Amino acid sequence: MRLATWNVNSLKARLERVEEWLEQVQPDVLCVQETKLGPGVFPSMALASLGYEAADHGEGRWNGVAILSKVGIEDVQTGFGVGSPLDDEARLVSAVCGGIRVFSAYVPNGRSPEDDHYRYKLEWLEALRVHLDRSFSPADPVVVAGDFNVAPDDRDVYDPAAFEGATHVTAPERDAVRALEDWGMVDVFRQHHEPGGLFSWWDYRAGSFHKGKGMRIDLVLATPVVAERATMSLIDRNARKGKSPSDHAPVIVDLADLT
DNA sequence: ATGGTCGTTGCACGA
């Protein structure tokens, strides 16, 4: 089973690139973030013609998450599901795909450590941890994949000195991701690659991509029963090249079939 | 060279 996550920065603007990528890479499951699509405009038909069923949780101009699957998509759930104001924005959707509870997550950006949005980001990550803890055991097959807007390690940014005091690298943000790992989640990409120089996001500005100025902020977190099935993972930086790319590249994980 | 580019129910703001 091939599972991937990709912040597409508008599924409307990116549909052609996404279709082309799906045909080439053939993931069984794709977690999508920043669809930026409101209700009723999700390109279900176009994706169905490529063999994908979809779970769409969008709100309009901003945010929006989705899951595409060729291996079934059952028991779709949106948000934290407890009437929390943290569900006001469309940032979380999950479904059971091929026997795994798969979440597509778009963690708030945070903007800057002084901004209210930064507090919102930390609250959102804590709500995610609580939601996992209340809903699952670390022994269950669970994946949380998405744009975490956190670089877990200094070596996950091109120049730690350039990020002094900036969001995405502060201790509270990293602690919030580590709390998910302490609960039982494994950073699957990190299983296969030593830290350093491998990024999933590059600013559109200033030729950052060509200068290698990126960050690894898109993660596939999996419970051990899933993570131990992972045979390969990579960041498809080719998808960041060419005409009208997203500013994020997809992260791909291959899972061995259950025997 | 201290910015630079994208996206959007855009003409300002979020990333």
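It should be emphasised that the depicted structure is a prediction, and the values quoted were computed from it without experimental measurement. Naming convention: chains lettered A, B, ... in sequence-line order (proteins, then strands); numbering from 1 in each chain. Note: hydrogens, waters and symmetry copies are ignored here, and every other heavy atom, side chains too, is used.
Nearest-nucleotide mapping onto DNA chain B: of A:G60 and A:Y106, the residue sitting toward the 5' end is A:G60. For the pair A:K36 and A:H248, both in contact range of DNA chain B, the more 5′-proximal nearest nucleotide belongs to A:K36.
Contacts classified as ring pair (Phe, Tyr, Trp, His ring centres under 6.0 Å) and involving residues 23-43 of chain A (residues at least two apart or in different chains) are not found. Applying the side chain to side chain donor-acceptor pair (under 3.5 Å) test to residues at least two apart or on different chains, none of the pairs has a partner in residues 42-56 of chain A. The stretch residues 13-35 of chain A participates, sequence neighbours left out, in these ring pair (Phe, Tyr, Trp, His ring centres under 6.0 Å) pairs: A:W6-A:W21.
Judged by distance alone, the side chain of A:S200 and the main-chain N or O of A:A249 form no donor-acceptor pair under 3.5 Å.
Counting any heavy atom pair closer than 4.0 Å across all strands shown, A:D247 reaches no nucleic acid atom.
Residues passing the side-chain hydrogen bond (donor to acceptor under 3.5 Å, both in side chains) test with A:R155, sequence neighbours excluded: A:D153.
For the C1' atoms, the distance from B:dT2 to B:dG7 is 25 Å, rounded to whole Å. A gap of 24 Å separates the P atoms of B:dC6 and B:dA1, to the nearest Å. Spacing of P atoms, B:dT9 relative to B:dA15, comes out at 15 Å, to the nearest Å. Nucleotides B:dC13 and B:dG4 place their P atoms 16 Å apart, quoted to the nearest Å. When the C1' atom is compared between B:dG3 and B:dT8, the two are found 23 Å apart, to the nearest whole Å.
Side chains of A:Y118 and A:E123: a donor-acceptor N/O pair is absent below 3.5 angstrom, by distance only.
The stretch residues 204-216 of chain A touches DNA chain B through A:Y204, A:R205, A:A206, A:K211, each having a heavy atom within less than 4.0 Å of the strand.
Taking the six-membered ring where tryptophan is involved, the planes of A:H193 and A:F189 are essentially parallel, since the angle between them stays under 30° and well short of 60°. Note on ring orientation: taking the six-membered ring where Trp is involved, the planes of A:W201 and A:H248 are tilted (angle from 30° to 60°).
Around CG of A:D159, the count of heavy atoms belonging to other residues, nucleotides or ligands within 6.0 Å exceeds 12.
On the nucleic acid side, DNA chain B contacts chain A at distances under 4.0 Å to non-hydrogen atoms, with the end points of that region at B:dG4 to B:dA15.
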